[in-house]
Amino acid sequence: MDPDVDINPDTDDLPLRANTNDILVRHYVLDLTVHFDREVISGSIVLFLEPCSGVRTEDHIGPGLDKKDGTEGRSSQGRFVDRQEDGRKGMIRAKQEMFVAGEGDREELEALFQTAAETQNAQSSHVWETSSDDDFTVVLDCCDLDISKVEEVDVTLVPAASSLLPEAASGARSGDQQAALIQRIISMPSSRWRQKQQLFSLCSRAPGAQAGTSLLFHRDRWSLQVRKRGTSSPQDFPRAVRICYETRPTGGSVRWTKDQDGRVCVYTAGSPINNRALFPCQEPPVAMSTWQATVRAPSECVVLMSGEDQAVLTEDGGTPFSVWHYHVTMPMPASTFTLAVGHWCQVSPEPPPAPARGVRDCVECSKMDKPGIGSGEWSEAGLLPGLGSSSSEVVKGSPLQTCSGDQTTRPDPAFCYCSLEDEGLSVTDYSGMVDDGIGCSHGDYPCRFAEQSARSQRVIPHRVFGPVCLLQKAQTAVLKLLPRCLAAAHAVLGVHPFSRLDVLIIPAGFSSLGMASPHIIFLSQSVLNCGSPGAGEDGLSLCGSRICHEIAHSWFGLVIGARDWTEEWISEGFATYLEDIIWARAQQLSLQDTEEQSDLKAVLRWRRLSDELQNSEEELQILRPNMENTGRVSESGSSTVKHALNPDKTFMQVHYLKGYFLLRFLACQVGEQPFIAFFRLFVKKYHGHLILSQDFLRMLLITFPDIEREGLSLSAIYADWLDRPGIPKWLHERSAVWSRSRLVAEVKAEVAKWILLSQSHQGRRRKRKRKEPKVNYKEVGDTGIYYVFCLHLFFSCLKIHLLYSGNIPSIRSFFFLSQSCPGAGAAGDAFGAPVGGSGVERRDAASPAPNLRPAEPRR
């Protein structure tokens, strides 16, 4: 397989076209405006690039391009400028007319804009075909975007940046100066992260180089390709490139919809194509970068993003927009970028007022809960005096700074801070876990694992947002459980990788129960509706276990991610396994209760996995579909994600379930407590890295050499669990043991009672004349009872408080707990820009299926 050739449209593989072995994006600066009237996001993105060391210098041909005569391409430069400018002006005129048009003219002007965009693309494609293939090509992953202009940014015109260059470099040619300048900024140490962000921001606003000319670009279905005439290698290519573009309403990376209050909103939905329909980027997980974003949205809206600090908010003077600023200093893949814009309200620690007052409260609530208004722009005047040192005074209006380096931390009333001692929660870690001196081995960035204060921060600052009509439920469920789950996760895994956490109750129609991204979690409204009236704590189990699952992704999926996106089990299997451990600790269950609860959930998951494997293609059942080729890419760095666009894969849970059982198998070999301790050691060593399955398994075998001496080898694990379809022998045998546990037997007995009770109620009703032929049903056996039980949990219609007495006080919670496991069918999860890519999202039973196109199914 050669990923550099054209992708067959009949296959279900997702192409990753970016040539990351040639050149890498080190930093993105986004400047975006949200238009709810047209359902588009417009603006620009500036890419700061760095050539890869040791790259080849021979001719590079972009994917799917044919060689053309170089002389013809060079002679068409003048025609290129005129045609591109004409096309861009046509698009701008169409946008301006749409902005002032009434509703009656909207459809006609939409068509006008689309025609202008098609004209622009056609003109750029024509010029591209006549250009020289001797020029080096930067390939970006891109889909469903209308590109209006691509230009080089002249960063030498920024005095604050130019002062970084030594005097000897002042006489060098402009291209060399820009390369040296960008390299100096990229190479700044993490202790000066704030200056680094400020310089990137200033450079992103610099004018284009050589006014009146643009870089050549070509867009096909899956990529954007950019060239500069006369550049034959990555080292000669511009280091700062600005791309002006606009999304499309039908783009697969974002969803335009209405929240539960009927107000418009938009959010990134964890699409299998990730963020390539939101901004041009390098999608392969190895292309880790930092970013900063400025988002303009209607003043009554709240903008939430996967940024490190609470947003710096400013007013866009004279316009009905507010401006939100976010940033990250930890290099992450572009797929982890997450955005949500809507009329969200923050849930207060006190019980919120009833939503009967109307949706209008949402607007006032949004204004009340916004961060302080201030000046969020970085100016050269404020930067130049302190260029040699870091100052926290440059960014104004930001009430919370919680990262390392030169950041400061001060309490913010918008965030919740919890005293665990006041709630009577245990704050001690698992016994036997000691600091073995393992330090950070990743690249230089402000890392919380190196902070002494972060090690003792059991509960990070957190907020919960949602529509007005769900504030009360969110307050009694999510906000109540969040500090307990965060503290439990800290006890199990150690330092929280991220400094803060926002939780958003996502609009109905979200295709999962949850999605984790850096600093933000999306939760389905379904987790708020679990339990029956009077169920109390027992009714919060679905919500609590789901929160624990998403929190676990902070360690496995985000700060540690899969280097090959086909190895989804590295994120989903780990999060499913850790979900049980963290939630049991948050509940302060005894060891016996924890084991029984774990066995019950294992039985349900086993039943679900068995059913799925019997009704799916074998090639979709393999945890490592690329086998020995896992992690390999083409010479340029491009690759494909196997089966990523297969619609059947959308609903499959094999990576969750089979990965979960693999971890349970390994825990049985070494002991559960030593296995949990090993997780913590693994996190210390590999945080900030991308991994493959063998990285985890090899460290496990080295840490516990006895299991390898007993015959458990890396090749055996591959053969039994990762590289084969079906169910391993151990799982068949172990499932029989779980099925005989005391709690499972009690559940079977109670479900049998429910069936008899239901039948007796049916017998008391007045018999009606049967219109259809009578059907004789077979007697319900053990397997049937389990399926009835799972189906019953799936629809959440069992009134537990009417059926169970105090003789089995803990059985109530087990029923709700089982809803959170994939075996119950309603427990999906995704995390939208994991380090290794987005995981499979499973359909939420309480949410209508979104209107998806077959070619772009939701992951």
Side-chain angles (χ1 to χ4, degrees), residues 27-46 95 99 158 194 197-206 242-247 254 263-268 278-279 290-329 337-346 362-383 392-401 412 414 463 465 500 502 504 519-520:
H27 189 79
Y28 297 93
V29 178
L30 295 98
D31 188 355
L32 306 176
T33 302
V34 179
H35 304 276
F36 281 110
D37 54 343
R38 296 192 290 122
E39 295 188 347
V40 298
I41 298 175
S42 65
S44 66
I45 182 172
V46 177
K95 294 179 187 177
F99 184 77
V158 180
R194 191 182 298 278
Q197 294 270 332
Q198 293 165 352
L199 288 169
F200 277 135
S201 178
L202 292 173
C203 290
S204 71
R205 299 198 293 270
R242 180 185 293 114
I243 303 173
C244 302
Y245 71 97
E246 184 169 279
T247 66
V254 295
R263 301 179 70 86
V264 294
C265 61
V266 61
Y267 61 92
T268 49
L278 178 59
F279 58 91
T290 54
W291 59 262
Q292 58 198 99
T294 298
V295 180
R296 292 171 181 81
S299 298
E300 67 273 14
C301 290
V302 171
V303 177
L304 300 176
M305 295 183 70
S306 50
E308 290 178 3
D309 294 338
Q310 180 185 1
V312 180
L313 174 64
T314 62
E315 294 291 353
D316 196 9
T319 71
F321 288 86
S322 294
V323 185
W324 300 73
H325 306 270
Y326 283 92
H327 71 271
V328 296
T329 58
F337 183 93
T338 305
L339 171 69
V341 183
H343 300 78
W344 324 120
C345 300
Q346 183 176 345
C362 185
V363 178
E364 298 179 2
C365 180
S366 300
K367 292 181 179 179
M368 176 184 65
D369 293 328
K370 287 181 180 180
I373 304 297
S375 174
E377 291 292 327
W378 289 321
S379 64
E380 292 189 41
L383 177 65
S392 60
E393 299 301 322
V394 179
V395 180
K396 302 177 182 179
S398 178
L400 180 71
Q401 308 292 341
D412 177 10
R463 303 180 297 180
F465 291 85
R500 69 175 191 92
D502 284 341
L504 174 64
H519 310 98
I520 187 170

Restricting to ring-ring contact (aromatic ring centres under 6.0 Å, His included), what partner residues turn up for Tyr28, sequence neighbours left out?
Phe279
Atom pair CD (Gln292) and CD (Gln198), whose distance is rounded to the nearest 0.5 Å:
9.5 Å
Check whether any side-chain heavy atom of Val29 lies under 4.5 Å from a side-chain heavy atom of Ile45, and answer yes or no.
no
Candidate list Tyr267, Trp324, Phe36, test side chain to side chain contact (heavy atoms under 4.5 Å, CB included), partner Val341, passing option
Phe36
Heavy-atom closest contact (Cys265 atom, Trp344 atom, distance):
CB-CH2, 3.6 Å
Beyond-backbone contact of Thr33 with Ile41, side-chain heavy atoms, under 4.5 angstrom
no
Salt-bridge test for Asp31 and Arg296: reply yes if a basic N is under 4.0 Å from a carboxylate O, no otherwise.
yes
Is it true that Thr329 and Glu308 share a donor-acceptor pair across their side chains at a distance under 3.5 Å?
yes
Assess the residue pair Glu246 and Arg38 against the criterion (side-chain contact (heavy atoms from CB on, under 4.5 Å)); give the C-alpha distance rounded to whole Å, side-chain angles, the decisive distance to 0.1 Å, and a yes or no.
CA-CA 11 Å; Glu246 184 169 279; Arg38 296 192 290 122; 3.1 Å; yes
pair Thr294-Tyr326: side-chain heavy atoms closer than 4.5 Å:
no
Any residue meeting side chain to side chain donor-acceptor pair (under 3.5 Å) with Thr290, in chain and number order, not counting sequence neighbours:
His27
Tell me every residue that passes side chain to side chain contact (heavy atoms under 4.5 Å, CB included) with Ile520, counting only those two or more places apart in sequence or in another chain.
Leu304, Ser306, Thr338, Asp502, Ser517, Phe522
